[in-house]
Protein chains: 2
Amino acid sequence: MKTPRDVPTPLLESLKSLGLTKYEALVYIGLLRTAGATATEVHEISGVPRASVYPVLDRLVQKELVSVSHTAPKRFDAVPPDQGIENLMRRIESDAESAREALEAFYREKDLEDRGDQELIWTIYGEENIRTRLAGMFKSAERSVELLATGDLLQRSVLLLLDPVPDSVRVEIVTERWSGERPSRFHLHLLPLAALCETPILAEKLLPYERSGVFLVDDTRALLWMEGADGQPSALYSESAGLARFVRRHIATVMEWAKAAVQ
Amino acid sequence: MKTPRDVPTPLLESLKSLGLTKYEALVYIGLLRTAGATATEVHEISGVPRASVYPVLDRLVQKELVSVSHTAPKRFDAVPPDQGIENLMRRIESDAESAREALEAFYREKDLEDRGDQELIWTIYGEENIRTRLAGMFKSAERSVELLATGDLLQRSVLLLLDPVPDSVRVEIVTERWSGERPSRFHLHLLPLAALCETPILAEKLLPYERSGVFLVDDTRALLWMEGADGQPSALYSESAGLARFVRRHIATVMEWAKAAVQ
DNA sequence: TAAATGTTGTTGCTAACATAACAACAAGGT
DNA sequence: ACCTTGTTGTTATGTTAGCAACAACATTTA
């Protein structure tokens, strides 16, 4: 008889988020390591109380994770993990799809009055969310786009989003580093590293070597990309006239410095 | 102010299986229909008690489903459902992937002694699971493969699985209907419908018009594909010598009838 | 003062967890 | 036969944890 060998907690958590309970996870894992076990063997292997094993096995069969034999006593076998997880994901994805449709219906009713939006400052968490917001800003650009960001962030996460910007819009890019050829479509301003080193305080404050940046569209919509101490990216977005003016001035100042330092 | 308008229960269930609680779902849905709501507005729109709204919103921000403004009082906005669901699914899929890897590790330790397997009869639920089992049977075929199934089931779910069967293996197919050209690789036996109609009892019992079938490989491994009254497919699988012999005889008998009826 | 915001603590509820005990049945030994 | 011994499947019962629901409080804003 095998020992109940303790199961790593993160695995249990992962299985929980796939819709299994702790017992279901333990029993399934136990069954994966044996072939055709009886209920009592399942109990011994998984460490789950024998009385609880029966309802748990019922649920697992229902979820298409184990199969039952027709002998007496019944014997149980686990579906290979590959396919078992696919079975679970199929349900979840179908739920996700139907939820998405229902939610879109609600979403379309949304008041588009865009009420106080102009004066609010929003925080956005997660790189994905920030990138979508940025993409939306760029797509709606009508007059100008200005970027001030670390080269890493720019070329890895932002540059591709600039494609939808119409040719008529002037795009100014300020950064401290640029690898590869300089794009002809945009006005690129390189911050001379020498100048930065002379005033290390500024270097630290303006372009810290974590991924960060400031983005301004049409002088009205601004986004500040920051990276929390934990490395999780977050951002501020606003259509506030005050913040827009502040950002505008900030970028302009840095560009002036850059120009002055070159001379 | 909008009415709390009741939310369809299935939607709540779907969102629960994506890892949201009831309150989280209600608040998110409520936020989808407004722009920049305060905590109390969220309470009014969603019907969630005002005191509970705060922790719930915290969790939703954590899950990247809503963004917060930096005003006082705070205002909240929902990310579009499209992207919100994608955010949820990203987490789940990453969990699924790590779980799959960990489970495969356990699975590989499995005793392959294949102990009593030979005399057991297993039930398999779910079309996907049945098809994988069938595929496994076909792939391991060394001498013979025999199929007796309704044409619908055969051509829609089974035929593709026959590809891996080596050419040296004799494949006998018995069915009541075949659309399209007859495959040259297999020995196809068509049950004359006329003969079936003359003995309606047999027609009912042998080939009921639900999807069902009998499969035998190497005269040793048999699978019975049935369809429950609820339309959910299930199957019996066995390597029992007794069942295999029974199935062998059953298929042979039907083939004899077919031959006799043609004359 | 009044109204709204944000927070805290208490209580109830439900699903899952955990243990104990029971009837039914099959060896196996006296 | 009888009585043990052990296993299977089921039922009842108690416990815990997380969420749901409500009341109360300090704080701000008008």
Side-chain angles (χ1 to χ4, degrees), chain A residues 1 4 6-7 9 12-31 34 36-63 65-66 68-77 116 119-121 123, chain B residues 1 4 6-7 9 12-31 34 36-63 65-66 68-77 116 120 123:
Chain A
M1 156 187 154
D6 61 337
V7 172
T9 324
L12 289 184
E13 289 305 314
S14 295
L15 288 175
K16 267 192 210 172
S17 85
L18 296 182
L20 298 192
T21 69
K22 186 175 155 194
Y23 278 2
E24 288 167 353
L26 287 175
V27 166
Y28 180 60
I29 295 173
L31 269 179
T34 50
T38 71
T40 351
E41 286 170 337
V42 170
H43 148 64
E44 289 166 344
I45 294 168
S46 65
V48 171
R50 200 176 62 87
S52 307
V53 147
Y54 294 93
V56 167
L57 280 171
D58 286 345
R59 279 179 270 163
L60 285 177
V61 169
Q62 183 68 24
K63 289 176 178 164
L65 284 181
V66 315
V68 206
S69 86
H70 274 181
T71 52
K74 291 181 187 170
R75 288 185 172 271
F76 302 87
D77 206 353
E119 284 309 315
L120 297 185
I121 298 179
T123 60
Chain B
M1 157 187 152
D6 59 342
V7 172
T9 323
L12 290 184
E13 290 305 314
S14 295
L15 288 175
K16 266 192 213 171
S17 87
L18 295 183
L20 298 193
T21 71
K22 188 174 156 193
Y23 277 3
E24 287 166 354
L26 287 174
V27 165
Y28 180 60
I29 295 173
L31 270 178
T34 48
T38 70
T40 3
E41 285 171 335
V42 169
H43 148 65
E44 289 166 346
I45 293 168
S46 64
V48 172
R50 197 178 62 88
S52 307
V53 146
Y54 295 92
V56 168
L57 280 172
D58 286 345
R59 280 178 269 162
L60 284 177
V61 169
Q62 183 68 24
K63 289 175 180 165
L65 285 181
V66 315
V68 206
S69 84
H70 273 180
T71 55
K74 291 181 189 171
R75 288 185 172 271
F76 301 88
D77 205 353
L120 298 184
T123 61

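Every chain is numbered from 1 and lettered A, B, ... according to where its sequence line falls, protein lines coming before strand lines. Every heavy atom of this structure was used, including side-chain atoms; hydrogens, water molecules and symmetry mates were not.
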Participant: In the structure I gave you, are the side-chain heavy atoms of Val42(A) and Leu31(A) within less than 4.5 Å of one another anywhere?
Facilitator: yes

Participant: What's the closest nucleotide to the side chain of Lys74(B) if the choices are dA20(D), dG6(C), dT19(C)?
Facilitator: dG6(C)

Participant: With the side chain of Lys22(A) defined as its heavy atoms from C-beta on, choose the nearest nucleotide among dA20(D), dA18(C), dT5(C).
Facilitator: dA18(C)

Participant: So what does Pro49(A) hit on the nucleic acid, given a heavy-atom distance under 4.0 Å: a base, only sugar-phosphate, or nothing?
Facilitator: base

Participant: Rounding to an integer number of Å, can you tell me how far Glu44(A) CD sits from dT8(D) C1'?
Facilitator: 13 Å

Participant: Is there a donor-acceptor contact under 3.5 Å from the side chain of Thr123(A) to the main chain of Val68(B)?
Facilitator: yes

Participant: Rounded to whole Å, how long is the line connecting atom CG of Asp58(B) with atom C1' of dC19(D)?
Facilitator: 15 Å

Participant: To the nearest angstrom, how far is Leu20(B) atom CG from dA20(D) atom P?
Facilitator: 11 Å

Participant: Glu41(A) CD to dG6(D) P: how many Å, rounded?
Facilitator: 17 Å

Participant: What nucleotide among dG9(D), dG6(C), dT8(C) has an atom nearest to a side-chain atom of Ala51(B)?
Facilitator: dT8(C)

Participant: Determine: side-chain N/O of Thr21(A) to OP1/OP2 of dC17(C), distance under 4.0 Å, yes or no.
Facilitator: yes

Participant: Please report, rounded to the nearest Å, how far the P atom of dA15(C) is from the CZ atom of Arg59(A).
Facilitator: 11 Å

Participant: When the nearest nucleotide of DNA chain C is assigned to Thr40(B) and to Pro55(B) on a heavy-atom basis, which residue is associated with the more 5' position?
Facilitator: Thr40(B)

Participant: Where the side chain of Tyr54(A) is defined as all heavy atoms beyond and including C-beta, which of dA18(C), dA24(D), dG9(D) is the nearest nucleotide?
Facilitator: dG9(D)

Participant: Would you mind reading off the distance between Leu57(A) atom CG and dC17(C) atom P, rounded to a whole angstrom?
Facilitator: 13 Å

Participant: On the nucleotide dA4(C), are OP1 or OP2 found under 4.0 Å from the side-chain N or O atoms that Thr38(B) carries?
Facilitator: no

Participant: With respect to the phosphate group of dA20(D), does any side-chain polar atom (N or O) of Tyr23(B) fall under 4.0 Å of OP1 or OP2?
Facilitator: no

Participant: Looking at CD1 of Ile45(A) and OG1 of Thr40(A), how far apart are the two atoms once the value is rounded to the nearest 0.5 Å?
Facilitator: 10.0 Å

Participant: Which heavy atom in Thr71(B) sits nearest to a heavy atom in Arg75(B), and how many Å separate them?
Facilitator: OG1-N, 3.9 Å

Participant: Work out how much the helix from dT1(C)-dA30(D) to dT30(C)-dA1(D) bends between its end axes, five pairs an end, to the nearest 10 degrees.
Facilitator: 10°

Participant: Give me the atom names and distance for the closest heavy-atom approach of Val56(A) to Glu24(A).
Facilitator: CG1-CA, 3.8 Å

Participant: In whole angstrom, what separates Glu24(B)'s CD from dA21(D)'s P?
Facilitator: 14 Å

Participant: Do the non-hydrogen side-chain atoms of Leu20(B) and Lys63(B) ever get within less than 4.5 Å of each other?
Facilitator: yes

Participant: What's the closest nucleotide to the side chain of Arg50(A) if the choices are dA21(C), dT5(C), dG6(C)?
Facilitator: dA21(C)

Participant: Just the rounded figure in Å: distance from C1' of dA16(C) to CG of Leu12(A).
Facilitator: 14 Å

